[in-house]
Amino acid sequence: MTIYNWRKYIRASTKDCEEIFREITDGSKVFIGTGAGEPAYLVDQLLPLVEKKGLHLIFGWSFREVPLLSSDYYPKPSYYFLTSKQRQSFLEGKADYIPGQPAQITESFKHDKALDVVFIQVGVPDSHGYFSLGVSVDITRAAIEGAKLVVAQINQFMPRTHGDSFLHFRDIDYFVKHSEPVVEFEPPELSLEVAESIGRHISYLIPDRATIQMGIGPAPWNAVKQSFLKKDIGVHSFVISDWLMHLINEGVVTNRFKEVNRGKVVASFAIGTRMFYEFLDDSPVVEMKTAEYVSSSKIIRQHSRFISINTPQKLDLSGQVCAGHDERGFYSDIAGMDEFASVISRFPGGNSILAFSSVDKDGVSNILPFFKDGEGIVLKRNNIDYVLTEYGSINLAGKTLTQRALGLIHIAHPDYRKELYNQVVNKIHFPVLNPVFLDYKPEIIYRHQLDNGKNITIKQALPTDLEDIRRIFHSFSQREKMLRFFSSGKNIGKYLYKSFEKENFHILVAFIKLDGNEEAVGMAEFSKSGKEAQIAFAVKNTQRRRGIGKKLLSACLKLAQKENIQTLKAQVLVQNRKMVNFFETDSNPWQKSDEGRIIQFSLDFSD
């Protein structure tokens, strides 16, 4: 077909709304293009006819208020995802909600042929007569393929995007020309301190050359712009926004090492600011794909280091995620979160991360004791690896309910920890904790790179670390247990639990990070009495002679300074020649005192 013919087709198919709407059969299901791709002008022109023609309006996700129809009109406007713009209307019975995952929705559109009409928004055609869906491919593409009638609003401000975004002019039945600014969106701001803290935790858990998926939420979006110092990151994400523009401009996102779609950002829909839309326009780096492609387990599994980062609205102490939480019940969903997390949690090298502020915008805890009956759970307990707030991060994988609850309490906001503890203490078997421990913020004592290039992190232990500590202890022979800890360790679990009752006793744990996962490789005990402190530490047999012992000692010295210790001591059995040699060759001025079976090493800080 010649250029003249495609232009002629578009001219002939461009009509006013009144003429087009006469083609819509009474009782039709009308699907509205999603998100920032919603054709607002077309919808507004159709509204006066909705009740007269008995239409059912179906939205994917919308940034506009629910259309105002008669209170007794049925069917109500229905949504696959309820944003803050529709939630109150849903609770008042003015809108309805359709549960479904994006990939499931697209299948129903294409195979069930359930839609009569689709309203979409496109940019201006190119020199070959192809249009671009711009910011919204997701489920919209499938809706177009399954609908009987497709009406497009041509908007000169819609960015032209590549990938599955392109539509041939004959894919569209009617056109309406009306340009209006594409809806802009910015997530709520977090305080700089909270964003930087969450950003550091996220950055630590993501290895260089990883491929990331980013969900909708203020915590990760704000955090990655503050403290995300990584190299050669790839992006395969259901949604993209200004954070992507920032990371590409900073040289963090290069997509150079992706196993699939190398060199390309893959996404399904985009929302952001005008600057971001200008960045997207005709970008050869970004490919917009359908929802079923982006969330395909087959595609995701081809990435060797896939990290999913999402924001729950609320999380309970067992590790369940609720997408929409309100005293009146469930009212929302999260696009694609469970699809990504359930796939990633089942293959090596991948991690599912939940990142969120410890409190919501009203100052209410985002970590709850338990969810009520009837509230929608979008992530099961077994589909989460790491949970993090500004107060720390914990790995839930393989943890018991007790360990999960205790760990989550300690990354909750300090104002809510005691309340959370009191509400679950009679429902889950908990160790008795010193009240001071509920207020303490676990800190990173030491973070460094070893000579072999691996990163080491030493932190004050949480109850969730007890299994790692127990395994370190039992990796030693009976002789080593006696030499280093003066104990056979037969009831080490009880001893470790008891340690958390003590206000002046700390356990430090050393972790080595490899491909986003952590292995506990060493531990230290720090027992304070007045202005003195006693230390003892050990490293797994398989990790010795790599400088880990010196890093544990450095962490103990740092903690001693923080606790205003004047004298640091270590008791070593005479026959433990390796540890005696360790202190004798250390650069610090240790004083040595032979006390028979034991050699006492002392380090004086009082000067």
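One-based numbering along the sequence shown.
Listed here is the closest heavy atom pair of Ile32 and Pro39: CG2-CD, 3.9 Å. Contact detail for Lys258 and Asn255: the closest heavy-atom pair is CD-OD1, 3.3 Å. Considering all non-hydrogen atoms of both residues, Thr311 and Ile216 come closest at CB-O, 3.7 Å. For the residue pair Thr34 and Ser136, the shortest heavy atom distance occurs at OG1-OG, 2.5 Å. The two residues Leu396 and Arg404 have their closest heavy-atom pair at O-NH2, 3.3 Å. For the pair Thr161 and Gly134, the tightest heavy-atom approach, listed with the atom from each and the gap, is OG1-O, 2.7 Å.
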Side chain to side chain donor-acceptor pair (under 3.5 Å) between Ser89 and Glu65, worked out: CA-CA 8 Å; Ser89 293; Glu65 303 287 346; 5.1 Å; no
Using the rule given for ring pair (Phe, Tyr, Trp, His ring centres under 6.0 Å), can you reason through Phe119 versus Phe59, listing the C-alpha separation, both sets of side-chain angles and the distance that settles it, and then say yes or no? CA-CA 10 Å; Phe119 282 1; Phe59 296 83; over 10 Å; no
Evaluation steps, side-chain contact (heavy atoms from CB on, under 4.5 Å), between Phe356 and Leu315: CA-CA 10 Å; Phe356 63 135; Leu315 180 81; 4.0 Å; yes
What's the verdict on side-chain contact (heavy atoms from CB on, under 4.5 Å) for Ile307 and Thr211, showing C-alpha distance, side-chain angles and the deciding distance? CA-CA 6 Å; Ile307 311 295; Thr211 297; over 6 Å; no
Derivation and outcome, side-chain contact (heavy atoms from CB on, under 4.5 Å), residues Ile233 and Thr254: CA-CA 6 Å; Ile233 295 298; Thr254 66; over 6 Å; no
Go through the steps for Leu42 and Val151 under the test side-chain contact (heavy atoms from CB on, under 4.5 Å), then give the verdict. CA-CA 9 Å; Leu42 276 178; Val151 183; 4.0 Å; yes
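Listed by chain and residue number, Ile512, Glu519, Val521, Val539, Lys540, Arg546, Ile548 satisfy the side-chain contact (heavy atoms from CB on, under 4.5 Å) test with Gln543 (two or more places apart in sequence, or in another chain). Applying the ring pair (Phe, Tyr, Trp, His ring centres under 6.0 Å) rule to His178 yields the partners Tyr41; only residues at least two apart in sequence or on another chain are considered.
Under the 3.5 Å distance criterion, with hydrogens and angles disregarded, no donor-acceptor pair is assigned to the side chains of Thr273 and Glu186. When only modelled atom types and interatomic distance are considered, Thr457 and Tyr204 share a side-chain donor-acceptor pair under 3.5 Å. Between the side chains of His413 and Asn366, not a single donor N or O lies within less than 3.5 Å of an accepting N or O.
The pair Lys399-Asp385 does not meet the salt-bridge criterion, since no charged nitrogen lies less than 4.0 angstrom from a carboxylate oxygen. Salt bridge Lys314/Asp360: present, at least one basic N to carboxylate O contact under 4.0 Å. Between Asp164 and Arg141, none of the side-chain N atoms (NZ, or NE/NH1/NH2) sits under 4.0 Å from a carboxylate O, so this pair counts as no salt bridge. Taking 4.0 Å as the cut-off between side-chain N and carboxylate O, Arg160 and Asp281 do not count as a salt-bridged pair.
Side chain of Glu38 to backbone of Gly33: no donor-acceptor contact under 3.5 angstrom is found. Asn261 contributes no side-chain N or O that, together with a main-chain N or O of Lys264, makes up a donor-acceptor pair within less than 3.5 Å. Formation of a donor-acceptor pair under 3.5 Å by the Arg87 side chain with backbone atoms of Leu82 is found in this model. The closest donor-acceptor contact from the side chain of Ser365 to the backbone of Val359 lies at 3.5 Å or more, if one exists at all. Proximity of a side-chain donor or acceptor of Lys230 to a complementary backbone N or O of Ile206 within less than 3.5 Å is detected. A donor-acceptor pair is defined here as one N or O able to donate and one able to accept, closer than 3.5 Å; no such pair exists between the side chain of Ser241 and the backbone of Trp243. Side chain of Thr106 to backbone of Ala142: no donor-acceptor contact under 3.5 angstrom is found. A donor-acceptor pair is defined here as one N or O able to donate and one able to accept, closer than 3.5 Å; no such pair exists between the side chain of Gln121 and the backbone of Ile154. Using modelled atom types, one side-chain atom of Gln403 and one backbone atom of Thr400 make a donor-acceptor pair closer than 3.5 Å. The backbone N or O of Leu57 lies less than 3.5 Å from no partner atom in the side chain of Lys29, so there is not a single donor-acceptor pair.
Here the straight-line distance linking atom CG of Asp242 with atom CG of Asn249 works out to 10.5 Å at 0.5 Å rounding. A distance of 10.0 Å separates CD1 of Ile409 from CD1 of Ile394, quoted to the nearest 0.5 Å. Once rounded to the nearest 0.5 Å, the distance linking CD of Glu259 with CZ of Arg301 reads 14.5 Å. Here CZ of Arg262 is found 10.0 Å from CZ of Arg256. Values are rounded to the nearest 0.5 Å. One distance of note links CG of Asn395 with CZ of Phe511; it measures 9.0 Å at 0.5 Å rounding. The line from CD of Glu145 to OG1 of Thr290 is 8.0 Å long, rounded to the nearest 0.5 Å.
Annotation for Phe185: atom CZ counts as buried by contact number, over 12 foreign heavy atoms lying within 6.0 Å.
For the pair Gln213 and Ser237, the minimum side-chain heavy-atom distance is below 4.5 Å. Looking only at side-chain heavy atoms (C-beta outward), Val30 and Ile58 stay at 4.5 Å or farther from each other. Counting heavy atoms from C-beta outward, Glu287 and Val265 have side chains that stay 4.5 Å or more apart. When side chains are defined from C-beta on, Thr140 counts as touching Phe31, because their heavy atoms get closer than 4.5 Å. With a 4.5 Å cut-off on side-chain heavy atoms, Tyr79 and Asp96 do not count as touching. In this structure, the side chains of Met288 and Leu133 stay at 4.5 Å or more apart for every pair of heavy atoms. No side-chain heavy atom of Val266 sits under 4.5 Å from any side-chain heavy atom of Val260. A 4.5 Å side-chain heavy-atom check between Val43 and Arg64 finds at least one atom pair inside the cut-off.
Checked against the 6.0 Å centroid criterion, the rings of Tyr277 and Phe157 do not qualify as a close aromatic pair. Between Tyr293 and Phe238, the ring center distance fails the sub-6.0 Å criterion. A centroid separation of 6.0 Å or more is found between the aromatic rings of His410 and Tyr391.
Taking the six-membered ring for Trp and thresholds of 30 and 60 degrees, Trp61 and Phe269 have ring planes inclined between 30 and 60 degrees apart.
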